[in-house]
Each structure stands twice: as C-alpha cells, then as structure tokens.
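One structure below.
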Amino acid sequence: MDDAYGNADLSRRLWLTIAQIFARTTGDLDPLLRDAGLTAGDLGDLPTEALRRFSAPLVARIAIDLNRADSREPMRPGDWRLILYCLGSARSLREAITRCSECFDAIDQRMGRMALHTYADVAELRLDSLRSAPTIAGCVIDLVGVAHFHGMLGWLIAHRLPIGRIALNYDRALFEALDLPTLPLPVVLDAGWTGFAFPAVFLDYPIVRANDEVIDWPQQGFLFTGSAGVPVLPAADAVRRFAYKALREDHRLPAFEHVVRHLRSSNATLRRRLTEAGTSWRAIRNSCRRELGLELLRGSTLTVEQISDRLDFADSDAFRSAFREWMGVSPSRYRQSVRTLAVAHAAPTSPSDDGQPG
C-alpha cells in the first residue's frame, strides 16, 4: 500500500539506486550478495521489502566512505543513539531540533550540521552534510537523510508533518542521474542548503514518544512506502486519538474506563500495553491538553479562563501551573510571544537564523 506521500515504484527505485551506487563507488557487492544467497541479477526481482533489507545497511557504508574522502571521522556506534536520546528527551519539536543541532556539534560534526531557520509562518530544517564536493553518492545519501528526519520529527509528535518543499544543494544534472521517479513533493535544487520546509506552527507541538520508543523508532519518511505517519504502537496511538477527539469536541477528557470500553480491552490489559509503549494514561492526558492548549493560545481569542475550561482543568490556576511545567512560561506570556513574533514577520523578509548553529 502506498503511504501518504510516496509510492512503491519510488521506494523500490531508491533501494536499487543505493545498491548500484554502492557497487560503483564504495565496494564490491558480490560478497554481500553471496552472504544473502543472491546474485546481481536477483536484485531487480526481489520484493520491495527484501530489497530494502539488503540495501538499507549500504547507506551507512556509503556515508562512511564519503566522510573519509573529506578526512572526517565516520559516525560511531553510539552517535546515533545519542541523537535519538536528545530528540526523545525534549518537550516540544522546537526543543528537539535545538537539542539535536547541539548534538551534531557535540559529536564533532561527524553527521554534519543541523540548523533551524524560521521566517513568517515557515520553518526550515537545514541539514548540511559538509561535503567538499557534490557527488551522486552524496546526493542520494543526503536525500535519504532528509527523508529520515522528516519521518522522525513527524513520528515524535504523532502527526504527519506537512512539507512545503524539499531543498537539495545539488545541480539538476546530478540529481537526475539518480534516475528516480518523480518525487511526491516539490524539490528545489541548487538551493544553497539541503533539508525541508514545513509550517512553523508544528514547532510547538509536544513530543509524545518516550525515550524507550525513540531508541527503536521505525524508519519513516516520504521516500519509504507504507511508513510515513503509520502508528507503530496502536494501543498508545488509539488511546491518544480517542482522548484528543473527545477533548477537542466535547471539552472533556474521557474517563479511562470509557477508553477501555471504546477499545474493547480491559483496564489491566490497556494499562499494561501503555506501559510497554513507554507511556501512561496520565502522560497521554497531559499531551492532549498541551497540544490543544498551544493551538488555542496561538489561534483563538479565548481567554485563559475559557481555554482552561476547554482543556477540562478544575480551574485556570491549575491550567497556568500545568502550562508553566510544559513550556516554562505562563499562558499569557506564551501568547504574547507568539503575537510579537507574528508582528515582527508581518512584512516579507529574508530567512533569519533561529538561533541555531549555522
């Protein structure tokens, strides 16, 4: 089944291209094919999932050689786990990106450099792989990296993250040499940066995944058929969707027993499944309140007291206390900062650095 962005043909062509690039630029495929009980002629006939399992590990091998060609150390085994931990321990998507960019620097830019730029209502996640020269191998690895980070950020907030455009700092001839089907999203080439743009409103969405989940996150993104936006923990996601819908529409969070009945489970079983997913009913309730509260403060004229009622708090003091725990500021201060930012960017301006390392 096709995912929200891509299609099976694109996913399949990507993995074949990676295998071909590995054979041309990095190493002989024959030993790997023999280990898998395959020949070169078999690759084109493999089912897409089998082709993915064979080709996905080659991405790291190609990236290692690209780093060495630039006299940079390759990624170490613990580097990726450190990045995932930084993402999973954040409170909001903005904080996750900030921590991740700092982590890129902390591991001596073995994975390149990350920066967040915002202007008007657009955010740009820029991923600079620090390549000394553009190559077809670098182009495909950077494209896969953009897709992975897009999938991961959306998965962290349990929302499909809309993309306005993909940017690749490669010329058209080199990109077309990848011989991929048309990507499902606008691609800007020779943009001076690599990454993707998305609505800035998502920066304040809460991280809803626990650290244990993040370490084993399912690789997703607009290149990978069947992955973007697919929940990997059905129980936790189903509980959250049901609770959020009730809060948004009825201004009341359902009792846990009501959730249990809706999902046709038992109290003990559902609590166990949430625990196994690294979350809890209390964490899900807080996540729903936080997401809707941020939305109402940004996009409505409701008073803090009215928002408190909408979020099913006992009173506005309880809402203010919870909000300070979530965001480190009061609801009124948060709303004022959003309005100040909107006024500052009312006139068209050039992109500005959002305080991240460039």
Side-chain angles (χ1 to χ4, degrees), residues 4-5 87 90-101 114-127 146 149-167 185-186 193 195-209 220-222 228-229 237 240-241 243-245 247-249 286-304 306-308 310-311 319 322-324 326-356:
Y5 291 112
L87 291 168
R91 293 181 298 180
S92 67
L93 191 61
R94 186 192 305 274
E95 186 177 315
I97 294 172
T98 299
R99 291 186 177 190
C100 195
S101 67
M114 175 186 287
L116 175 66
H117 292 243
T118 61
Y119 57 101
D121 57 353
V122 175
E124 292 176 350
L125 183 70
R126 299 190 177 190
L127 301 165
V146 169
F149 272 98
H150 163 252
M152 171 173 284
L153 296 184
W155 181 79
L156 284 168
I157 60 175
H159 280 273
R160 185 171 70 90
L161 192 60
I163 294 183
R165 63 186 176 279
I166 303 164
L185 298 158
W193 60 284
F196 62 91
F198 61 96
V201 66
F202 285 91
L203 290 172
D204 287 327
Y205 273 47
I207 301 300
V208 302
R209 307 293 182 176
Q220 305 175 345
F222 54 81
D237 285 347
R240 189 176 189 280
R241 284 196 297 270
Y244 185 78
K245 183 174 185 292
L247 184 63
R248 188 180 187 88
E249 295 179 0
N286 285 337
S287 171
C288 292
R289 280 172 158 166
R290 179 179 174 183
E291 180 178 329
L292 184 56
L294 290 170
E295 179 182 327
L296 294 174
L297 285 167
R298 287 191 304 262
S300 82
T301 58
L302 296 173
T303 66
V304 170
Q306 289 170 325
I307 293 174
S308 171
R310 291 279 188 101
L311 301 182
F319 170 48
F323 195 87
R324 284 186 179 277
W326 299 336
M327 304 300 294
V329 296
S330 69
S332 298
R333 178 64 63 85
Y334 173 80
R335 173 176 266 172
Q336 183 59 46
S337 68
V338 171
R339 289 174 177 171
T340 300
L341 188 62
V343 170
H345 292 302
T349 59
S350 59
S352 61
D353 194 341
D354 196 38
Q356 306 305 310

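These numbers come from the heavy atoms of this one structure, side chains and all, not from hydrogens, waters or symmetry mates.
Here the side chains of H117 and W193 are not in contact, with every heavy-atom distance at 4.5 Å or above. Annotation: side chain of L161 is in contact with side chain of F196 (closest heavy-atom distance under 4.5 Å). In this structure, V304 and S332 have side chains that are in contact, with non-hydrogen atoms separated by less than 4.5 Å. Side-chain contact between M327 and R290 is present, with heavy atoms from C-beta onward closer than 4.5 Å. Between R335 and S300, the closest side-chain pair of non-hydrogen atoms falls below 4.5 Å.
Of all non-hydrogen atoms in L294 and D204, the two that sit nearest each other are CD1-O, 2.7 Å. Contact record, M114 with I97: SD-O, 3.9 Å, taken as the closest heavy-atom pair. Among all heavy-atom pairs drawn from R91 and G328, the shortest one is NH1-N, 3.9 Å. The two residues R99 and A90 come nearest to each other via the heavy atoms NH1-N, 3.7 Å. What you find for V122 and A197 is that their closest heavy atoms are CG1-CB, 4.0 Å. The two atoms that bring R324 and S330 nearest to each other are NH2-CB, 3.6 Å, heavy atoms only.
Put simply, CD on E295 and CD1 on I307 are 10.5 Å apart, with the number rounded to the nearest 0.5 Å. Put simply, CD on E249 and OH on Y244 are 10.5 Å apart, with the number rounded to the nearest 0.5 Å. Interatomic distance, L116 CG to C100 SG, rounded to the nearest 0.5 Å: 11.5 Å. Separation of atoms CZ (R241) and SG (C288) is listed at 11.0 Å; rounding is to 0.5 Å. A distance of 13.0 Å separates CD1 of I157 from CE of M152, quoted to the nearest 0.5 Å. Rounded to the nearest 0.5 angstrom, L296 CG and T301 OG1 are separated by 10.5 Å.
More than 12 non-hydrogen atoms from other residues, nucleotides or ligands lie less than 6.0 angstrom from CZ of R298.
Not one N or O on the side chain of R165 forms a donor-acceptor pair closer than 3.5 Å with the backbone of P186. In this structure, the side chain of T98 engages the main chain of R94 through a donor-acceptor pair within 3.5 Å. The backbone N or O of A115 sits nowhere less than 3.5 Å from a side-chain atom of R126 that would complete a donor-acceptor pair. Listed for the Q306 side chain is a donor-acceptor partner under 3.5 Å among the backbone atoms of T303.
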Worked check of side chain to side chain contact (heavy atoms under 4.5 Å, CB included) between F198 and L203: CA-CA 9 Å; F198 61 96; L203 290 172; 3.8 Å; yes
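In this structure, F323 and F319 have perpendicular ring planes: the angle between them is above 60°, well past the 30° mark.
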